[in-house]
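As structure tokens, the structure follows; a few thoughts come after it.
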Amino acid sequence: MPIEALFDLLIIGLVRGGMYVLMAMGLTLILGVINVPNFAHGEFYMLGAYFAYFASVFLRIPSILVIAVAALGGFISGMIIEKAVFYPLRRRSEGKNWLLNSFLLTVGLSITLQNLALWLIGSDYRGITSYWGGSLSIGGLMISQDRVIGFIIAMVSVLIFWLFLTRTKTGNSIRAVSENARGAKLVGIDLNRIYTLTFGLGAMMASIAGATLLSINPAYPTMGLRPLFRSWFVVILVGLGNVGGTIIGGFIVGLLETASYYGLGSGWQDVVSLTVIIFILIFKPSGLFGKAVKGIWEQ
Amino acid sequence: MNNNTTNNPKEKRDNENRVRESGSANKTVANDTVSTGKAGGTIAGSAGKTGGINELLGKIGLGPLSLLAFVLLGLAPLFIDDRFIIHLMISGMIFGTLAMGFDFTVGYINIVNFGYAAIMGVGAYSSALTVSRLGMSPWLGMAIGGVMAAIMGFLIGVVTLRLRGLFAAVMAWFVGLTLLAMTANLVDLTRGWLGLRVRPLFATPDRIPYFYTIFVITVVSYIILYRLTQGKMGMAFKAIGQNQEAAHSVGVNSTKYKIINFTISCALAGVVGGFYGHFVGILTPDVMHTRETVEVLALAYIGGRGSIWGGLLAAFIIIPIFEYLRPLMAMRFVIYGLLLMLVMILYPGGLSQFFAFIKAQIFNRSSKVEERA
């Protein structure tokens, strides 16, 4: 393989991987803090894309604000859904079977949101031609500016999010809850508030990813499945609840997919990446960087 | 987060479990209580005469109610001349049987087989391909479909051995997605998204032969699954589902039972898949899609986890309702999703628990007996 082609692969893989990082981070946060294996994560990606579409068509605001509107929309809808769906389940169930029940609840949520979108908006592809337009030349490779800026947005969001988790009081509370919910409650952290906030944040990250990619992938009701299983792929790859690891994992998945796409042709990238994940699950269920699986995940 | 359970909720949960168990056994509650003798004295008056027949039925796994339901269903084509209704009933039985097989795994060993539709697709494609490529009879094809799906189930069982709950579900899901992607990509073999034409099972366009074929499949699988879950194996499944370590420590070979469970449940999906292919006449990789699994899952849960028959009943209620609510066509899956969510939050016992409740209201005396037991 010539060196230029390898470079192309690297760039495209990284840009792709950036989005997976964003998606997987939201997923792993929801997993780690609320213990909800979110099957509806792709639907927030879909919501983000629709928010961005309607914002850019009806509001006629600068592109960066379109993405901000989508982020806000995802955040608010995530919080509403947490309050409406998971809060009642948490009150009813006493922890037993929470993982499986909440998982099935997200399955129901996924069907509902998808078909609500289908019913209200229809199955047409709704996309925009470009956010910024034009293309950039990186080392001889022409790459569209939307992809580059999208990548930057993803990385900046990840950075801001990381700083939020480590530097602010609320962020620390979230991390405390993920480590030990009972202990966090004892020191006076309002668990319900943290759960709602976390779900909102996770949904927001997925929405940003969906909104940023709108010019490349148009919005339609069932668009969320692929990003969903890819972000699950990343999360399993690095180990559940490992927020930092998702950054590396996302890029690994992005590169692996691009490489298998070029090596084997379209359609086979799913087979390759899924086969890899199946082998990881067989031989090291705790993921690449994970410690031994313990606690609630054992159930 | 889940450590805040005190003794009190635990007791409550135990009660719930008991209710659920009585719900799951509710089809045969009458004859079971008779045969155990403890409760026999109180309701022997009402059930004494039919005790012999009940016992015989109990041996093959049918209660009076389920027998009546199956007989009525079997006689239905004699009274109903509407092709469309027969078609609906066939769909109901296809999805109901899948839901039963799904519940056999999720309701007992507590693992969500999220690749279930893909396994069914493996059965459907294997059957269709052996018929079209090797020129075998579709009946043999269906059997081969079952065997292929059973092999897949066996393999999934083996690879998920080390994994618990969610991991096993995710693993099964990924296996399913891989199978889907491969089916879509092996165009030479499966024709991919173009769709594979499948030879019909019968030469006639009449729906009645199909009806009786799937009817036999449904009844036989119900009897097999029900028998298995009532015996020693069912106890082992439940023990593994509730606490694998504890089950292991009292000598339940969890490896063996998990693999057996997966193999049986997937074999059933394969046979039904084979039938589905020969019934519909065309297969696309869409039959293996996650949303098909979700549909089966929703039926199994609305029907009530751990009841086997709940999913079948749910299929018979929900599929016709959806067909007749044409104006709500666009909204039907929204209702589906909301229904699943409502059941999960408010009434996790599903239809089977509801029926147990109704039954307890009607046969007030026997419910009192149960409370005492």
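None of these values were measured; they are calculated from a predicted model. Below, chains carry the letters A, B, ... as their sequence lines are ordered, and counting in each starts from 1.
Neither the backbone nor the side chain of A/Val272 comes within less than 4.5 Å of any heavy atom in chain B. Heavy-atom distances place no part of A/Phe86 under 4.5 Å from chain B, backbone and side chain included. Both the backbone and the side chain of A/Phe229 come within contact range of chain B, judged by heavy atoms closer than 4.5 Å. A/Leu191 does not touch chain B: none of its heavy atoms, backbone or side chain, sits under 4.5 Å away.
The CG atom of B/Leu338 sits 10.0 Å away from atom CG of A/Asn115, with the distance rounded to the nearest 0.5 Å. One distance of note links CG of B/Leu339 with OG1 of A/Thr112; it measures 9.5 Å at 0.5 Å rounding. For the atom pair B/Thr290 OG1 and A/Leu228 CG, the distance stands at 8.5 Å (nearest 0.5 Å).
Among A/Leu104, A/Ile111, A/Leu225, the residue making the largest number of heavy-atom pairs under 4.5 Å with chain B is A/Leu104. Options A/Thr106, A/Leu113, A/Leu120, A/Leu116 differ in how many heavy-atom pairs under 4.5 Å they form with chain B, and the most are formed by A/Leu116.
Closest approach of B/Met341 to A/Leu109, counting heavy atoms only: SD-N, 3.4 Å. Between B/Ala181 and A/Val271 the shortest heavy-atom distance is CB-CG2, 3.6 Å.
Evaluation of the salt bridge (charged side-chain N to carboxylate O under 4.0 Å, His left out) rule for B/Asp286 yields B/Arg291 as partners, not counting sequence neighbours.
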Evaluate side chain to side chain contact (heavy atoms under 4.5 Å, CB included) for A/Val107 paired with B/Tyr301, printing each intermediate quantity in order. CA-CA 12 Å; A/Val107 171; B/Tyr301 269 81; over 6 Å; no
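Close approach to chain A, defined as a heavy atom under 4.5 Å from one of its heavy atoms, is seen in B/Met171, B/Trp173, B/Phe174, B/Val175, B/Leu177, B/Thr178 of residues 171-180 of chain B, taken by number.
Annotation for A/Met46: atom CE counts as buried by contact number, over 12 foreign heavy atoms lying within 6.0 Å.
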